[in-house]
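Below: one structure, written as C-alpha coordinates.
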Amino acid sequence: MSAGLIGIAIIDILLFLFLVLIAITIARLRNLFAIAMLAGVFSLLSAGLFVTLDAMDVAFTEAAVGAGISTVLMLGTLALTVREEKPVTHSPFLPLLVCAITGAALIYGTLDMPPFGAADNPVQTHVAPYYLEQTPVEIGIPNAVAAVLASYRGFDTLGEVVVVFTAAIAVLLLLGGGGRSGRHDNVAGERKKD
Amino acid sequence: MEELLFDLGFVLTHYNYWMFVVLMMTGLYITVSYGNLVKKIVGLNIFQTAVFLFYVSTGKIVGGTAPILTDDPDAVYSNPLPHVLILTAIVVGIATTALALALVVRIRETYGTVEEDEIIALEHEMDAAIGGER
(Lines give C-alpha, C1' and ligand atoms only; values in the text may rest on other atoms or scores of the structure.)
Protein backbone atom coordinates (compact mmCIF):
# COMPACT_ATOMS: atom_id res chain seq x y z
CA MET A 1 0.00 0.00 0.00
CA SER A 2 2.61 2.53 1.11
CA ALA A 3 5.20 1.41 -1.46
CA GLY A 4 2.51 1.68 -4.13
CA LEU A 5 1.66 5.20 -3.02
CA ILE A 6 5.33 6.30 -3.10
CA GLY A 7 5.84 4.76 -6.55
CA ILE A 8 2.83 6.65 -7.89
CA ALA A 9 4.00 9.77 -6.08
CA ILE A 10 7.37 9.84 -7.89
CA ILE A 11 5.83 9.54 -11.38
CA ASP A 12 3.04 11.96 -10.45
CA ILE A 13 5.38 14.62 -9.12
CA LEU A 14 7.74 14.38 -12.13
CA LEU A 15 4.88 14.76 -14.62
CA PHE A 16 3.37 17.51 -12.52
CA LEU A 17 6.67 19.45 -12.36
CA PHE A 18 6.85 19.33 -16.17
CA LEU A 19 3.24 20.60 -16.35
CA VAL A 20 3.95 23.52 -14.00
CA LEU A 21 7.18 24.38 -15.86
CA ILE A 22 5.28 24.45 -19.16
CA ALA A 23 2.51 26.57 -17.63
CA ILE A 24 5.03 29.10 -16.27
CA THR A 25 6.86 29.16 -19.63
CA ILE A 26 3.52 29.85 -21.34
CA ALA A 27 2.99 32.75 -18.93
CA ARG A 28 6.44 34.23 -19.66
CA LEU A 29 6.56 33.76 -23.45
CA ARG A 30 5.18 36.40 -25.80
CA ASN A 31 5.40 34.45 -29.06
CA LEU A 32 1.88 33.06 -29.52
CA PHE A 33 3.07 30.32 -31.92
CA ALA A 34 5.36 28.93 -29.19
CA ILE A 35 2.49 29.25 -26.69
CA ALA A 36 0.15 27.23 -28.94
CA MET A 37 2.75 24.45 -29.34
CA LEU A 38 3.49 24.39 -25.59
CA ALA A 39 -0.26 24.13 -24.90
CA GLY A 40 -0.22 20.99 -27.08
CA VAL A 41 2.73 19.57 -25.11
CA PHE A 42 0.86 20.42 -21.89
CA SER A 43 -2.17 18.41 -23.04
CA LEU A 44 -0.02 15.43 -24.01
CA LEU A 45 1.74 15.38 -20.62
CA SER A 46 -1.58 15.67 -18.80
CA ALA A 47 -2.71 12.64 -20.84
CA GLY A 48 0.28 10.83 -19.29
CA LEU A 49 -0.92 11.86 -15.85
CA PHE A 50 -4.40 10.53 -16.70
CA VAL A 51 -2.81 7.13 -17.49
CA THR A 52 -1.20 6.99 -14.02
CA LEU A 53 -4.68 7.73 -12.60
CA ASP A 54 -6.13 4.67 -14.47
CA ALA A 55 -8.20 6.83 -16.81
CA MET A 56 -7.18 5.35 -20.19
CA ASP A 57 -10.22 6.60 -22.09
CA VAL A 58 -9.73 10.13 -20.74
CA ALA A 59 -6.04 9.97 -21.70
CA PHE A 60 -6.93 8.97 -25.28
CA THR A 61 -9.46 11.78 -25.56
CA GLU A 62 -7.14 14.36 -24.03
CA ALA A 63 -4.30 13.36 -26.37
CA ALA A 64 -6.55 13.44 -29.45
CA VAL A 65 -8.68 16.47 -28.59
CA GLY A 66 -6.40 18.53 -26.33
CA ALA A 67 -3.09 17.98 -28.10
CA GLY A 68 -4.54 17.50 -31.60
CA ILE A 69 -7.70 19.43 -32.44
CA SER A 70 -7.10 22.20 -29.91
CA THR A 71 -3.61 22.92 -31.31
CA VAL A 72 -4.98 22.99 -34.88
CA LEU A 73 -7.73 25.46 -33.85
CA MET A 74 -5.18 27.59 -32.01
CA LEU A 75 -2.83 27.68 -35.03
CA GLY A 76 -5.75 28.54 -37.31
CA THR A 77 -6.64 31.47 -35.06
CA LEU A 78 -3.03 32.68 -35.06
CA ALA A 79 -2.98 32.54 -38.88
CA LEU A 80 -6.08 34.80 -38.93
CA THR A 81 -4.95 37.19 -36.16
CA VAL A 82 -1.48 38.00 -34.78
CA ARG A 83 1.61 35.98 -33.86
CA GLU A 84 3.06 38.16 -31.10
CA GLU A 85 1.63 39.34 -27.80
CA LYS A 86 2.19 42.97 -26.84
CA PRO A 87 4.15 43.52 -23.60
CA VAL A 88 2.07 43.82 -20.43
CA THR A 89 2.09 47.34 -19.02
CA HIS A 90 0.30 46.95 -15.68
CA SER A 91 1.86 45.47 -12.56
CA PRO A 92 1.33 41.74 -11.88
CA PHE A 93 0.85 42.33 -8.15
CA LEU A 94 -2.97 42.29 -7.95
CA PRO A 95 -3.47 39.11 -10.09
CA LEU A 96 -0.75 37.35 -8.06
CA LEU A 97 -2.49 38.35 -4.83
CA VAL A 98 -5.88 37.11 -6.10
CA CYS A 99 -4.34 33.78 -7.23
CA ALA A 100 -2.49 33.33 -3.91
CA ILE A 101 -5.65 33.96 -1.84
CA THR A 102 -7.80 31.68 -4.05
CA GLY A 103 -5.12 28.97 -3.96
CA ALA A 104 -4.80 29.20 -0.17
CA ALA A 105 -8.58 28.89 0.22
CA LEU A 106 -8.66 25.85 -2.09
CA ILE A 107 -5.78 24.15 -0.25
CA TYR A 108 -7.55 24.83 3.06
CA GLY A 109 -10.57 23.08 1.52
CA THR A 110 -8.54 19.99 0.50
CA LEU A 111 -7.49 19.38 4.13
CA ASP A 112 -10.93 17.83 4.70
CA MET A 113 -10.78 15.69 1.54
CA PRO A 114 -10.76 11.90 1.99
CA PRO A 115 -7.30 10.33 1.47
CA PHE A 116 -6.22 9.92 -2.17
CA GLY A 117 -6.58 6.37 -3.51
CA ALA A 118 -8.40 4.75 -0.57
CA ALA A 119 -10.94 2.11 -1.60
CA ASP A 120 -13.56 3.21 0.97
CA ASN A 121 -13.80 6.87 -0.07
CA PRO A 122 -17.41 8.12 -0.42
CA VAL A 123 -16.98 8.41 -4.20
CA GLN A 124 -16.22 4.66 -4.44
CA THR A 125 -19.18 3.40 -2.39
CA HIS A 126 -22.10 5.01 -4.23
CA VAL A 127 -23.08 3.83 -7.74
CA ALA A 128 -19.62 2.81 -9.03
CA PRO A 129 -19.78 -0.78 -7.65
CA TYR A 130 -23.15 -1.24 -9.37
CA TYR A 131 -21.74 -0.16 -12.74
CA LEU A 132 -18.70 -2.43 -12.34
CA GLU A 133 -20.81 -5.45 -11.32
CA GLN A 134 -23.66 -5.03 -13.79
CA THR A 135 -21.75 -3.95 -16.91
CA PRO A 136 -20.90 -7.54 -18.02
CA VAL A 137 -24.45 -8.71 -17.20
CA GLU A 138 -26.56 -5.87 -18.58
CA ILE A 139 -24.37 -4.42 -21.34
CA GLY A 140 -22.04 -7.31 -22.16
CA ILE A 141 -18.84 -5.37 -22.91
CA PRO A 142 -15.65 -5.29 -20.80
CA ASN A 143 -15.11 -1.51 -20.85
CA ALA A 144 -17.14 -0.03 -17.96
CA VAL A 145 -16.40 3.54 -19.09
CA ALA A 146 -17.94 2.93 -22.51
CA ALA A 147 -20.93 1.19 -20.90
CA VAL A 148 -21.64 4.14 -18.58
CA LEU A 149 -21.00 6.71 -21.32
CA ALA A 150 -23.21 5.21 -23.99
CA SER A 151 -25.83 3.35 -21.98
CA TYR A 152 -26.26 4.12 -18.26
CA ARG A 153 -25.68 7.83 -18.83
CA GLY A 154 -26.58 7.96 -22.50
CA PHE A 155 -28.74 11.05 -22.02
CA ASP A 156 -25.73 12.95 -20.63
CA THR A 157 -23.88 12.07 -23.81
CA LEU A 158 -26.88 13.24 -25.87
CA GLY A 159 -26.71 16.56 -23.97
CA GLU A 160 -23.00 16.75 -24.78
CA VAL A 161 -23.75 16.26 -28.48
CA VAL A 162 -26.32 19.09 -28.29
CA VAL A 163 -23.68 21.37 -26.73
CA VAL A 164 -21.12 20.51 -29.41
CA PHE A 165 -23.75 21.04 -32.14
CA THR A 166 -24.70 24.44 -30.70
CA ALA A 167 -21.04 25.45 -30.51
CA ALA A 168 -20.47 24.33 -34.12
CA ILE A 169 -23.46 26.44 -35.30
CA ALA A 170 -22.21 29.43 -33.29
CA VAL A 171 -18.70 29.12 -34.78
CA LEU A 172 -20.16 28.92 -38.30
CA LEU A 173 -22.36 31.98 -37.65
CA LEU A 174 -19.41 33.95 -36.24
CA LEU A 175 -16.98 33.10 -39.01
CA GLY A 176 -19.65 33.27 -41.69
CA GLY A 177 -18.19 30.64 -44.01
CA GLY A 178 -17.29 33.30 -46.63
CA GLY A 179 -20.89 34.61 -46.89
CA ARG A 180 -20.14 37.83 -45.03
CA SER A 181 -19.63 40.86 -47.22
CA GLY A 182 -16.27 41.93 -45.85
CA ARG A 183 -15.05 44.52 -43.43
CA HIS A 184 -17.81 47.12 -43.25
CA ASP A 185 -17.73 47.09 -39.49
CA ASN A 186 -14.00 47.59 -39.06
CA VAL A 187 -13.70 50.17 -36.30
CA ALA A 188 -9.93 50.45 -36.67
CA GLY A 189 -10.31 51.02 -40.43
CA GLU A 190 -12.94 53.73 -39.90
CA ARG A 191 -10.69 55.37 -37.37
CA LYS A 192 -7.87 55.56 -39.93
CA LYS A 193 -10.25 57.18 -42.44
CA ASP A 194 -11.16 59.84 -39.91
CA MET B 1 7.04 10.12 15.78
CA GLU B 2 4.07 10.74 13.48
CA GLU B 3 3.33 14.03 15.21
CA LEU B 4 6.85 15.47 14.69
CA LEU B 5 7.12 18.01 11.90
CA PHE B 6 4.38 16.92 9.55
CA ASP B 7 2.34 13.78 9.08
CA LEU B 8 3.96 11.99 6.09
CA GLY B 9 0.90 9.80 5.59
CA PHE B 10 -1.35 12.85 5.36
CA VAL B 11 0.99 14.56 2.88
CA LEU B 12 1.22 11.40 0.72
CA THR B 13 -2.56 11.12 0.53
CA HIS B 14 -3.21 14.82 -0.09
CA TYR B 15 -0.23 16.18 -2.07
CA ASN B 16 -1.88 15.55 -5.42
CA TYR B 17 -4.84 17.76 -4.52
CA TRP B 18 -2.32 20.53 -3.78
CA MET B 19 -0.51 19.92 -7.10
CA PHE B 20 -3.74 20.48 -8.98
CA VAL B 21 -4.45 23.66 -6.99
CA VAL B 22 -1.00 25.01 -7.99
CA LEU B 23 -1.65 24.15 -11.65
CA MET B 24 -5.13 25.67 -11.50
CA MET B 25 -3.81 28.91 -10.01
CA THR B 26 -1.12 29.13 -12.75
CA GLY B 27 -3.94 28.92 -15.29
CA LEU B 28 -5.98 31.52 -13.41
CA TYR B 29 -2.96 33.84 -13.28
CA ILE B 30 -2.40 33.55 -17.06
CA THR B 31 -6.10 34.26 -17.63
CA VAL B 32 -6.45 37.34 -15.42
CA SER B 33 -2.97 38.87 -15.74
CA TYR B 34 -2.35 38.97 -19.50
CA GLY B 35 -4.28 41.11 -21.96
CA ASN B 36 -3.85 38.97 -25.09
CA LEU B 37 -7.10 37.10 -25.76
CA VAL B 38 -5.44 33.99 -27.27
CA LYS B 39 -3.18 33.70 -24.22
CA LYS B 40 -6.21 34.06 -21.94
CA ILE B 41 -7.83 31.09 -23.70
CA VAL B 42 -4.65 29.01 -23.23
CA GLY B 43 -4.76 29.95 -19.52
CA LEU B 44 -8.39 28.85 -19.31
CA ASN B 45 -7.45 25.50 -20.90
CA ILE B 46 -4.71 25.00 -18.29
CA PHE B 47 -7.22 25.80 -15.52
CA GLN B 48 -9.68 23.37 -17.06
CA THR B 49 -7.12 20.55 -17.36
CA ALA B 50 -6.20 21.01 -13.68
CA VAL B 51 -9.88 20.58 -12.73
CA PHE B 52 -10.08 17.43 -14.89
CA LEU B 53 -6.97 15.96 -13.22
CA PHE B 54 -8.39 16.71 -9.78
CA TYR B 55 -11.73 15.14 -10.64
CA VAL B 56 -10.22 11.97 -12.13
CA SER B 57 -7.82 11.61 -9.18
CA THR B 58 -10.80 11.28 -6.80
CA GLY B 59 -11.82 8.05 -8.59
CA LYS B 60 -8.37 6.44 -8.36
CA ILE B 61 -7.86 3.43 -6.07
CA VAL B 62 -4.22 2.66 -5.18
CA GLY B 63 -3.41 -0.83 -6.47
CA GLY B 64 -6.43 -0.69 -8.73
CA THR B 65 -6.47 -0.90 -12.50
CA ALA B 66 -8.32 0.79 -15.35
CA PRO B 67 -12.07 -0.04 -15.33
CA ILE B 68 -11.82 -2.49 -18.21
CA LEU B 69 -13.17 -5.73 -16.79
CA THR B 70 -10.98 -8.85 -16.81
CA ASP B 71 -11.56 -12.48 -15.82
CA ASP B 72 -9.48 -12.02 -12.65
CA PRO B 73 -12.01 -12.12 -9.76
CA ASP B 74 -9.63 -10.30 -7.35
CA ALA B 75 -9.02 -7.32 -9.64
CA VAL B 76 -9.73 -3.88 -8.12
CA TYR B 77 -11.00 -1.30 -10.59
CA SER B 78 -10.84 2.48 -10.30
CA ASN B 79 -14.16 4.30 -10.41
CA PRO B 80 -15.40 4.61 -14.03
CA LEU B 81 -17.89 7.41 -13.29
CA PRO B 82 -15.43 10.36 -13.00
CA HIS B 83 -13.79 9.15 -16.23
CA VAL B 84 -17.11 9.32 -18.07
CA LEU B 85 -17.94 12.78 -16.73
CA ILE B 86 -14.49 14.10 -17.67
CA LEU B 87 -14.71 12.56 -21.15
CA THR B 88 -17.87 14.61 -21.63
CA ALA B 89 -16.20 17.69 -20.12
CA ILE B 90 -13.16 17.44 -22.45
CA VAL B 91 -15.38 17.38 -25.53
CA VAL B 92 -17.52 20.27 -24.24
CA GLY B 93 -14.25 22.08 -23.40
CA ILE B 94 -12.98 21.85 -26.98
CA ALA B 95 -16.38 23.13 -28.20
CA THR B 96 -16.17 26.20 -25.94
CA THR B 97 -12.50 26.73 -26.91
CA ALA B 98 -13.48 26.68 -30.60
CA LEU B 99 -16.27 29.20 -29.91
CA ALA B 100 -13.88 31.45 -27.96
CA LEU B 101 -11.29 31.35 -30.75
CA ALA B 102 -13.98 32.19 -33.33
CA LEU B 103 -14.94 35.19 -31.17
CA VAL B 104 -11.26 36.22 -31.08
CA VAL B 105 -11.14 36.12 -34.89
CA ARG B 106 -14.27 38.32 -35.11
CA ILE B 107 -12.91 40.74 -32.49
CA ARG B 108 -9.70 41.04 -34.50
CA GLU B 109 -11.72 41.75 -37.69
CA THR B 110 -13.78 44.44 -35.96
CA TYR B 111 -11.20 46.13 -33.74
CA GLY B 112 -7.94 45.25 -35.51
CA THR B 113 -6.37 44.00 -32.28
CA VAL B 114 -6.64 41.11 -29.82
CA GLU B 115 -5.20 43.03 -26.85
CA GLU B 116 -7.74 43.67 -24.12
CA ASP B 117 -6.58 47.19 -23.11
CA GLU B 118 -6.52 48.40 -26.76
CA ILE B 119 -10.07 47.08 -27.26
CA ILE B 120 -11.24 48.91 -24.13
CA ALA B 121 -9.52 52.12 -25.33
CA LEU B 122 -11.28 51.81 -28.72
CA GLU B 123 -14.62 51.27 -26.96
CA HIS B 124 -14.07 54.44 -24.92
CA GLU B 125 -13.22 56.38 -28.10
CA MET B 126 -16.41 55.12 -29.75
CA ASP B 127 -18.49 56.07 -26.70
CA ALA B 128 -16.93 59.54 -26.66
CA ALA B 129 -17.62 59.96 -30.40
CA ILE B 130 -21.30 58.96 -29.96
CA GLY B 131 -21.57 61.33 -26.97
CA GLY B 132 -20.06 64.17 -29.03
CA GLU B 133 -22.60 63.73 -31.86
CA ARG B 134 -25.53 64.12 -29.47
Side-chain angles (χ1 to χ4, degrees), chain A residues 4-5 12 16 19 23 26-27 32 35 39 46 49-50 53-58 61-62 65 69-70 73 77 80-82 85-86 88 92 95 99 103 106-107 110 113 115-117 119 123-124 128 131-132 136 142-145 148-149 153 156 160 163-164 167 170-171 174-175 185 187-188, chain B residues 12-14 16-19 21-23 25-26 28-30 32-34 36 38-39 42 45-46 49 53 56-69 77-81 83-84 86-88 90-92 94-95 97-99 101-102 104-106 108 110-112 114-115 122:
Chain A
L5 261 184
D12 262 14
F16 165 75
L19 285 178
I26 287 176
L32 291 175
I35 288 174
S46 70
L49 208 45
F50 281 127
L53 294 170
D54 290 346
M56 305 301 164
D57 306 73
V58 182
T61 313
E62 178 70 34
V65 168
I69 300 174
S70 176
L73 290 176
T77 310
L80 289 173
T81 58
V82 287
E85 182 201 8
K86 300 214 166 111
V88 179
C99 291
L106 286 173
I107 285 176
T110 64
M113 289 283 291
F116 167 67
V123 63
Q124 315 291 6
Y131 289 147
L132 287 171
N143 190 338
V145 176
V148 178
L149 183 78
R153 287 186 171 252
D156 284 7
E160 168 198 337
V163 170
V164 173
V171 168
L174 278 170
L175 296 182
D185 48 353
V187 176
Chain B
L12 263 184
T13 55
H14 286 75
N16 77 332
Y17 302 136
W18 305 335
M19 300 191 325
V21 170
V22 171
L23 211 51
M25 286 309 110
T26 318
L28 181 66
Y29 177 76
I30 295 175
V32 298
S33 177
Y34 294 92
N36 187 287
V38 177
K39 200 164 175 179
V42 173
N45 279 341
I46 291 174
T49 308
L53 286 166
V56 166
S57 79
T58 60
K60 165 79 179 162
I61 296 177
V62 174
T65 177
I68 296 169
L69 307 174
Y77 303 108
S78 292
N79 193 339
L81 198 54
H83 303 181
V84 175
I86 294 310
L87 273 182
T88 306
I90 288 177
V91 177
V92 170
I94 189 71
T97 304
L99 186 57
L101 290 172
V104 168
V105 171
R106 284 291 288 125
R108 152 82 177 175
T110 305
Y111 290 91
V114 292
E115 302 289 333
L122 276 174

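Convention: sequence-line order gives letters A, B, ...; per-chain numbering from 1.
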In terms of heavy-atom pairs under 4.5 Å with chain B, which of Asn143(A), Val145(A), Ile107(A) leads? Val145(A)
Counting heavy-atom pairs under 4.5 angstrom with chain B, the leader among Leu106(A), Thr81(A), Thr61(A), Val171(A) is Thr81(A)
Largest heavy-atom contact set with chain A, pairs under 4.5 Å, which of Val104(B), Val91(B), Val114(B): Val91(B)
Between chain A and each of Val92(B), Val22(B), Val56(B), count heavy-atom pairs under 4.5 Å; write down the option with the most. Val56(B)
Excluding sequence neighbours, so at least two apart, what forms side chain to side chain contact (heavy atoms under 4.5 Å, CB included) with Asp12(A)? Ile8(A), Leu49(A), Thr52(A), Tyr15(B), Asn16(B), Met19(B)
With a 4.5 angstrom heavy-atom cut-off, could you sort out which part of Thr65(B) is near chain A: side chain, backbone, both or neither? backbone
For Leu81(B), is it the side chain, the backbone, both or neither that has a heavy atom under 4.5 Å from a heavy atom of chain A? side chain
Got a donor-acceptor contact below 3.5 angstrom from the Tyr131(A) side chain to the Val148(A) backbone? no
Pairs of heavy atoms under 4.5 Å with chain B: top-ranked of Ser46(A), Ala167(A), Pro95(A): Pro95(A)
Test side-chain contact (heavy atoms from CB on, under 4.5 Å) applied to Leu174(A) and Val105(B), step by step: CA-CA 9 Å; Leu174(A) 278 170; Val105(B) 171; over 6 Å; no
Using non-hydrogen atoms and a 4.5 Å limit, figure out which bit of Ile30(B) sits close to chain A: side chain, backbone, both or neither. side chain
Between Ala95(B), Ser57(B), Gly59(B), who has the most heavy-atom pairs with chain A when the cutoff is under 4.5 Å? Ser57(B)
Report the C-alpha separation of Leu53(B) and Ile86(B) in whole Å, then their side-chain angles, then the decisive distance to 0.1 Å, and conclude whether the side-chain contact (heavy atoms from CB on, under 4.5 Å) test is met. CA-CA 9 Å; Leu53(B) 286 166; Ile86(B) 294 310; over 6 Å; no
Could you tell me if the side chain of Thr88(B) sits less than 4.5 Å from the side chain of Leu149(A), heavy atoms only? yes
Option that, when pairs with chain B are counted at under 4.5 Å, heavy atom only, ranks first among Ala128(A), Cys99(A), Ala23(A), Ala144(A): Cys99(A)
Indicate yes or no for a side-chain donor-acceptor contact from His14(B) to the backbone of Met113(A) under 3.5 Å, with no hydrogens or angles considered. yes
Just to verify, what does Ile94(B) make a side chain to side chain contact (heavy atoms under 4.5 Å, CB included) with, not counting sequence neighbours? Val65(A), Ile69(A), Ser70(A), Leu73(A)
Under a 4.5 Å cutoff for heavy-atom pairs, which residue among Val82(A), Val164(A), Leu132(A) has the most contacts with chain B? Leu132(A)
Between the side chains of Glu85(A) and Lys39(B), is the shortest nitrogen-to-carboxylate-oxygen separation below 4.0 Å, so that they form an ion pair? yes
